[in-house]
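One structure is given below, encoded as structure tokens.
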Amino acid sequence: MLVADVSATEARKDYEYPPENLPCLLLSVGYHGEKNCAYVRLYDPESRKLYWWYDNTDHHPYCLSDLSIDDLKKNSKLMSHSGLLGFEEVEKYDLLHDRKVRMTKILGKNPLAIGGRSGSIRELLPNAWEAKIQYHNCYIYDKKIIPGMFWMVKGGRLEKAPLDVGDIKELLQVFKGESEEFLEVLMEFLPSFIAPVPDIKRVAIDIEVFSELDRIPDPESAENEIICAAIVSNDGESRVLILKRPELSKGEIPSGFTDKFRVEFFDKEVDLIKTLFEVVDCYPIVLTFNGDNFDLKYLYHRALKLGFPKDEIPIILGKDAAYLRYGVHVDLYKFFHNKSIQVYAFSNKYKEETLDAIAKALIDIGKVSLETEISELPLLVLAAYCWQDAYITLELTRFDDNLVLKLIVLLMRISRLSMEDVTRQGVSSWIKNLFYYEHRLRNYLIPRPEDIASMKNVSDTKAITKDKKFKGAKVVKPKPGVHFNVVVLDFASLYPSIIKEYNLSYETVRCPHPECKVNVVPETSHWICTKRRGMSSLLIGFLRDIRVKWFKPKSKDKGLNDELRRWYSVVERALKVIINASYGVFGAEHFPFYCLPVAESTAAIGRHTIEATIRKAQELSMEILYGDTDSVFIKNPQEKKISELIEWSQKALNVDLDVDKVYRYVAFSERKKNYLGVFKDGSVDIKGLTGRKRNSPQFIQKAFLQMVSVLSRVNSEQDFNEAKEEIERIARTCYVKIQRREFTLEDFAFRVQLTKPIKSYVKTTPQHVKAARQLLELGKEIKPGDIISFVKVKGKEGVRPIELARKEEIDTEKYKEYLRTTFEQVLDALGLDFDKIVGLTRLESWI
DNA sequence: GCGGACTGCTTACCT
DNA sequence: ACAGGTAAGCAGTCCGCG
């Protein structure tokens with residue numbers, strides 16, 4: 001095992017040892033450098049205290065070799081390695097070759113002896129397996145620890161706390177046809193989905209640093225004073241620490257903030273920091289927003305600079321993260337930045353990963369808006385600003401009955417990762433860790449990526465898009481026009497169910513058995529094993545089934561009480577996050593189980609499934625309007641035929657087809673992934689339309705929404721005539737207002753994200769980069785992730801950041817064109833012509 | 001030397 | 001550090017044009 005981040009998890013202090021037989025939530029596992037052993041952080045929900053337990057089972061870091069002990073003893077470099085502890089012969093099962101293997105476990109005196117520095121043991125071996133696993137994770141696997149679950153110390157040893165899973169007759173009934181293996185996995189996971197998540201004691205902190213010229217202070221050099229710090233906890237603390245700066249007025253606490261927090265003034269920055277450290281050093285969880293890269297990093301370096309001895313700084317800096325010596329630091333920026341969380345857990349509700357945008361979208365509270373520089377604010381105004389940030393940060397974990405906290409803990413249980421890791425790593429790491437754990441549990445050898453590659457680095461299909469590795473999903477051309485009464489059917493978790501039903505896994509696709517070669521995936525040369533159940537087929541299949549067949553229906557079951565339903569829905573969402581990524585990871589090179597044939601086969605079977613379903617629907621004389629990957633849109637179908645199709649797909653294709661939604665009507669242009677649907681209740685579904693893209697100018701979005709609101713009131717074909725006139729009016733008005741420049745500069749702004757450092761745009765210079773370069777010249781800092789607001793102007797450069805723009809230079813023609821494309825996406829469907837609409841205007845305006 | 005046709009780059013979206 | 005498919009706008013290049 002490698003412990004690249006050894007310093008990160010190294011603890012310097014002894015903390016209280018847990019009492020015997022006290023069930024505690026296991027928050028994290030780490031490696032203690034001084035004691036040279038694994039440790040565990042345990043949280044007791046009753047006393048709200050954190051305990052530390054240190055490994056006393058004589059567990060050591062190791063890696064595996066395919067050489068015998070005798071052969072290894074001939075390796076003089078290895079034998080003279082000062083970190084070598086010893087050898088142990090073990091038997092493992094090699095799934096790739098479907099056979100037992102004898103291997104030697106090489107034990108090291110500490111994690112770094114195995115790997116992580118030059119000359120480590122793993123580098124002295126011709127071949128090493130399981131040598132790149134971080135030690136604290138290795139410990140989790142070997143001790144069968146499930147982080148986020150209840151554990152206790154019994155007779156000095158760490159043990160699973162007993163948990164009553166209750167009556168599971170109904171559950172077992174649902175899964176009665178499943179294999180023995182499946183049921184074993186079910187019983188292994190079930191406690192994770194049942195054990196409650198306590199309201200863990202936690203504190204959110206935020207600091208403000210003096211800065212000139214709206215520059216973000218550099219946390220490495222930490223040159224400026226920390227002028228304010230806020231502390232907001234879920235156990236009653238609400239404080240703001242303020243550095244006295246006589247040159248500034250105190251001001252007054254802004255209305256709305258009185259009594260929200262206690263103010264403490266400090267003469268010296270050192271004392272302010274000390275006070276903050278005392279708080280940080282006694283909470284089981286400390287929350288920040290961007291604390292890894294700013295707050296905690298700044299605090300650490302600033303404290304050093306001010307002469308704090310290292311052991312009085314409760315922060316431990318890792319490569320890309322800041323850890324705490326006592327509790328767990330959760331950086332919510334990292335968590336919400338995670339694409340899977342954003343898309344699947346929060347259905348894209350927030351589109352920018354700033355504290356302000358996330359909080360506004362999820363809890364309808366924003367940051368305090370400022371007109372002055374932070375450093376010039378009256379002290380009590382600064383206090384309110386700072387407090388609000390900490391308050392929002394805490395609230396982000398509290399809203400909806402601790403939804404985010406519960407999600408985090410459930411994801412810990414599923415991925416078997418510590419809280420620090422699960423909140424910082426992406427979904428591929430979660431799946432990787434789960435797979436490693438499950439391999440170890442079954443004594444399977446964890447394959448090296450090159451072992452998989454050497455056997456399965458083939459692909460048979462050609463992607464439609466350049467630079468893609470294989471062919472993906474099928475998208476059916478839409479039938480343009482307005483269609484009433486449209487039923488959308490979709491396959492429930494199509495790819496995961498394919499992975500399950502077709503036994504797809506890295507070891508089962510192109511397996512070593514000659515007799516399986518007849519079991520071929522359509523459109524490919526890949527065959528699938530008929531002798532063994534694949535690991536990913538089993539695990540992903542289980543997670544998919546338990547979500548679709550149990551937690552999803554339960555989360556909607558009106559017979560259950562609110563609290564229980566809410567719990568089922570959190571579990572369902574946590575599962576969704578993992579399941580939705582489960583196919584993609586096999587096509588991602590950096591995933592350690594990367595296996596193109598798995599991803600390619602999944603997509604191929606997916607195409608086969610939707611194509612067969614469409615053919616069948618047409619046989620049943622149903623009219624297919626559109627389809628994308630796993631969905632089919634059917635025009636005005638007979639109910640009977642719908643059920644017939646659903647039954648057929650179950651029987652013939654082994655997939656669950658369900659009615660997903662029913663539209664009063666849908667408007668399609670000729671564009672794929674681009675439509676507007678109105679539900680029976682008048683709510684609207686907008687997919688892919690420019691008017692809804694976050695980079696479109698505000699005034700375009702507003703005009704577009706006006707049009708949508710008109711369309712949402714259309715009930716029948718007759719209503720359209722009236723609606724069309726209203727829409728024409730909206731388009732025309734907007735067109736004229738562009739011409740007359742009757743919008744604000746902000747309204748005219750395109751807001752485009754810079755996805756990489758500005759220097760890396762070498763092939764072309766897109767408009768937002770041009771605008772960003774103009775800002776750069778002004779001395780503004782620009783970094784990846786920033787959203788650049790610019791307007792299109794007449795002249796050579798064509799763009800101007802709004803900070804520099806004047807309304808007169810706006811290129812109205814460009815905006816008219818943009819308005820046209822935005823409206824055309826819908827007008828096309830309605831049979832209207834944009835030019836005619838605005839052309840009329842010109843005539844009229846001349847008359 | 002200019003403009004239209006084309007390709008490629010980039011972003012934002014859908015499933 | 002999950003995948004591929006699609007739309008759109010613009011940057012840059014090629015080619016023809018007496």
Q. At under 4.0 Å between heavy atoms, what does A:Ala599 touch on the DNA or RNA strands: base, sugar-phosphate, or nothing?
A. nothing
Q.
Using a heavy-atom cut-off of 4.0 Å across all strands, would you classify A:Lys432 as base, sugar-phosphate, or nothing?
A. nothing
Q. Touch check for A:Lys792, heavy atoms < 4.0 angstrom, all strands: base, sugar-phosphate only, or nothing?
A. sugar-phosphate
Q) A:Ala805: what forms a side chain to side chain contact (heavy atoms under 4.5 Å, CB included) with it, not counting sequence neighbours? A) A:Leu745, A:Val791, A:Arg800, A:Glu809
Q: Tell me whether the centres of the aromatic rings in A:Tyr675 and A:His483 are closer together than 6.0 Å.
A: no
(Q) Could you measure the distance from the NZ atom of A:Lys468 to the OG1 atom of A:Thr461? Nearest 0.5 Å is fine. (A) 13.5 Å
(Q) Below 4.0 Å from chain A heavy atoms, what is the first contacting nucleotide of DNA chain C and what is the last? (A) C:dA1 to C:dG12
Q) So does A:Asp835 pair up with A:Arg820, basic N to acidic O under 4.0 Å? A) yes
Q.
One thing to verify: whether A:Asp490 and A:Lys661 come together as a salt bridge, which I'm taking to mean a side-chain N less than 4.0 angstrom from a carboxylate O.
A. no
Q) Any donor-acceptor pair under 3.5 Å linking the side chain of A:Thr508 with the backbone of A:Gly534? A) no
(Q) So if I define the base as every atom that isn't primed, P, OP1 or OP2, how would nucleotides 10-15 of chain B read as a B/S/- string at a heavy-atom cutoff under 4.0 Å? (A) SSBSBS
Q: Step by step, work out the ring-ring contact (aromatic ring centres under 6.0 Å, His included) result for A:Tyr663 and A:Tyr665.
A: CA-CA 5 Å; A:Tyr663 291 120; A:Tyr665 70 90; 8.9 Å; no
Q: Scan A:Gly584 against the nucleic acid and name what it touches under 4.0 Å (heavy atoms): base, sugar-phosphate only, or nothing.
A: base
Q.
For a quick check of understanding: with a heavy-atom distance under 4.0 Å over all strands, which category does A:Thr465 fall into, base, sugar-phosphate or nothing?
A. base
Q: Can you run down the side chain to side chain donor-acceptor pair (under 3.5 Å) pairs that involve residues 686-698 of chain A, sequence neighbours left out, and say none if there aren't any?
A: A:Thr690-A:Gln825, A:Arg694-A:Gln753, A:Ser696-A:Tyr818
(Q) So A:Lys462, base contact, sugar-phosphate only, or nothing? Heavy-atom distance under 4.0 Å. (A) nothing
Q: For the pair A:Trp430 (side chain) and A:Leu411 (backbone), establish whether a donor and an acceptor sit closer than 3.5 Å, ignoring hydrogens and angles.
A: no
Q: Scan A:Lys471 against the nucleic acid and name what it touches under 4.0 Å (heavy atoms): base, sugar-phosphate only, or nothing.
A: sugar-phosphate
Q: Check ring-ring contact (aromatic ring centres under 6.0 Å, His included) between A:Phe699 and all other residues, then give those that pass, not counting sequence neighbours.
A: A:Phe743, A:Phe748
Q) When all nucleic acid strands are considered with a 4.0 Å heavy-atom cut-off, which category describes A:Thr602: base, sugar-phosphate, or nothing? A) nothing
Q.
Before we go on, tell me: are the rings of A:Tyr506 and A:Phe586 under 6.0 Å apart, centre to centre?
A. no
Q. For DNA chain C, what residues of residues 588-597 of chain A have any heavy atom nearer than 4.0 Å?
A. A:Ala588, A:His590
Q) A:Glu817 near the nucleic acid: base, sugar-phosphate alone, or nothing, with a heavy-atom cut-off under 4.0 Å? A) nothing
Q. At under 4.0 Å between heavy atoms, what does A:Lys339 touch on the DNA or RNA strands: base, sugar-phosphate, or nothing?
A. nothing
